[in-house]
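FYI, side chains are in, hydrogens and waters are out, and symmetry mates aren't considered; it's all heavy atoms of this structure.
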2 protein chains.
Amino acid sequence: MAGHSPPADTLKSGERQAGRPYDRSGDGMILAATLDLLTERSYDRVTLDDVAARAGKAKTTIYRRWATKDDLVLAAIHSIGQPPEVADLPDEGTLRADLLAVIDSPWLGGPARRILIFAGLTSAARSSAGLADAIRLQVTEPYVDVYRRILERAIDRGEVPEQMATRVPILADIIPAMSSHRVSTTSEHVHRDFYIAVIDDVLLPALVPKVTSSSEEA
Amino acid sequence: MAGHSPPADTLKSGERQAGRPYDRSGDGMILAATLDLLTERSYDRVTLDDVAARAGKAKTTIYRRWATKDDLVLAAIHSIGQPPEVADLPDEGTLRADLLAVIDSPWLGGPARRILIFAGLTSAARSSAGLADAIRLQVTEPYVDVYRRILERAIDRGEVPEQMATRVPILADIIPAMSSHRVSTTSEHVHRDFYIAVIDDVLLPALVPKVTSSSEEA
DNA sequence: CTATTACGCTACTCCTCAGTAGCGTAATAG
DNA sequence: CTATTACGCTACTGAGGAGTAGCGTAATAG
């Protein structure tokens, strides 16, 4: 019945099909439009007519590639790929500079768009159970993992004391958690100052071993 | 005409209308069912037929009280009220105990249900712009404010040094941010251990001034 | 009892949106 | 040129869901 998943993989590279070829460049437009719309509206309110209009493609063209709306969004998630920092862990010499390097990463169009995409995907995860796993595996976990590895390397380097190792898993969540919370509870944008405050007022101080153990126990 | 917003306020307390009276007890059922469903599905997938079925009321009865779905959810948000801690700031003697008292608060059915409701409302805020403001003003901000006041009182008490005052606004966000992030990025429940880890490994350490070179006691 | 008003129920209207059919046209191969 | 395949467009189907109409019944007041 034709439709969906154009040959691509099933085509030997030497062979060439007759007829008008798939416009692969259009795929990128469609997936980008999908992500953009997800930053603006909830998953259920993003219609395929919207996507088609924004991408400048016909709705039927979209359905020739992906069978359902879920498939389209799933493809958009896969198109995100992993943050480049997964392969290329920044190494600026200090923990603070490394953290800022991840924040300033141009991945997904830089911090402003990236945090909006995260928020959109988080909402999509609530609407479609199948999407939730894909988002967690493909996006959330790899991203948090970058922070985790940066923190662990700071320990290896001797910049942070060994005993802080147990805190690393929870500290790796802080920047994503705080920025997500900000973007979803305020209407304003999240500025760089905010990330810096999270780093300097929360993350880094939390990596200093306890000085007085008396004041907190009861 | 008629419909929506039964007299209630417009009725002098002495007077009594003829006819079958409004079943006020049913309102609670309806609003609770609405909140429950919002913890399970995204706002757009909660139907009024669902609410009616769950509350054990007829859909038409719901529409006799609230004109639209948004009005219903708005009423559900108002029914939440403010956390009791706003009026009765816990005072357990130590900052740590105060924080735990807020976490363990039975408000909204205790921590487990409360965090699910927060997540549901966050998603609802993305679906309806009008709801977003109500949620922020009625729920999010008052709740964060409780943490803020607890932290400030710890400073007043002398338990936390004055110089940490600038960190308070951002630290007040930590517990809500971290728990929201947890519940929306994992499928598991959020346990008390997690809150304790946030307090002991993040919040409290971040309130200790930097003492880098000086030596530790304890 | 009668009058009044709320409730439950069934059935409806209307609209949005996912997904499809079919046709004319554009782009390739030979 | 012909054959083939993708694209854009208009129009459609079908389902789900917000909101309504109308009727029979339940609960109050007098």
- prompt: In which stems does DNA chain D show up, taking only runs of three or more Watson-Crick or G-U wobble pairs whose two distances fall under 3.5 Å?
  reply: C:1-30 with D:1-30
Which atom pairs, donor and acceptor, lie under 3.5 Å between side-chain atoms of residues 198-207 of chain A and protein residues at least two apart or in another chain?
residue	atom	partner	partner atom	Å
Asp200(A)	OD1	Arg96(A)	NE	2.8
Asp200(A)	OD2	Arg96(A)	NH2	2.8

- prompt: Can you name the residues that form a salt bridge (Lys or Arg N to Asp or Glu O under 4.0 Å) with Glu92(A), not counting sequence neighbours?
  reply: none
message: My understanding is that only residues two or more places apart in sequence, or in another chain, count here; which of them pass salt bridge (Lys or Arg N to Asp or Glu O under 4.0 Å) with Asp71(A)?
response: none
Determine all donor-acceptor pairs shorter than 3.5 Å in which one atom belongs to a side chain in residues 128-135 of chain A; sequence neighbours excluded.
residue	atom	partner	partner atom	Å
Ser128(A)	OG	Asp70(A)	OD2	2.8
Asp133(A)	OD1	Arg136(A)	NH2	2.8

- prompt: Sequence neighbours excluded, which residues qualify as side-chain contact (heavy atoms from CB on, under 4.5 Å) partners of Ser123(A)?
  reply: Ser42(A), Arg126(B)
Using nucleotides 24-26 of chain C, report all nitrogen or oxygen pairs with the protein that are shorter than 3.5 Å.
residue	atom	partner	partner atom	Å
dA26(C)	O4'	Arg20(A)	NH1	3.4
dA26(C)	N3	Arg20(A)	NH1	3.4

message: Quick test of your reading: applying ring pair (Phe, Tyr, Trp, His ring centres under 6.0 Å), list the pairs with at least one residue in residues 102-132 of chain B, sequence neighbours left out, ordered by first then second residue.
response: Trp107(B)-Tyr143(B), Phe118(B)-Tyr143(B)
task: Give me the residues of residues 50-61 of chain B where at least one heavy atom lies under 4.0 Å from an atom of DNA chain C, by number, or none.
output: Lys57(B), Ala58(B), Thr60(B), Thr61(B)
- request: Identify, residue by residue, the members of residues 42-49 of chain B with a heavy atom below 4.0 Å from DNA chain C, and return them in order of residue number, or none.
  value: none
Under 3.5 Å donor-acceptor pairs involving side-chain atoms of residues 172-181 of chain B, not counting sequence neighbours:
residue	atom	partner	partner atom	Å
Ser179(B)	OG	Ile175(B)	O	2.7
Ser179(B)	OG	Pro176(B)	O	3.2
Ser180(B)	OG	Pro176(B)	O	2.9

Report, one line per pair, each donor and acceptor closer than 3.5 Å where one atom sits in a side chain of residues 72-89 of chain A; sequence neighbours left out.
residue	atom	partner	partner atom	Å
His78(A)	ND1	Leu74(A)	O	3.0
Ser79(A)	OG	Ala76(A)	O	2.6
Glu85(A)	OE2	Ser105(A)	OG	2.8

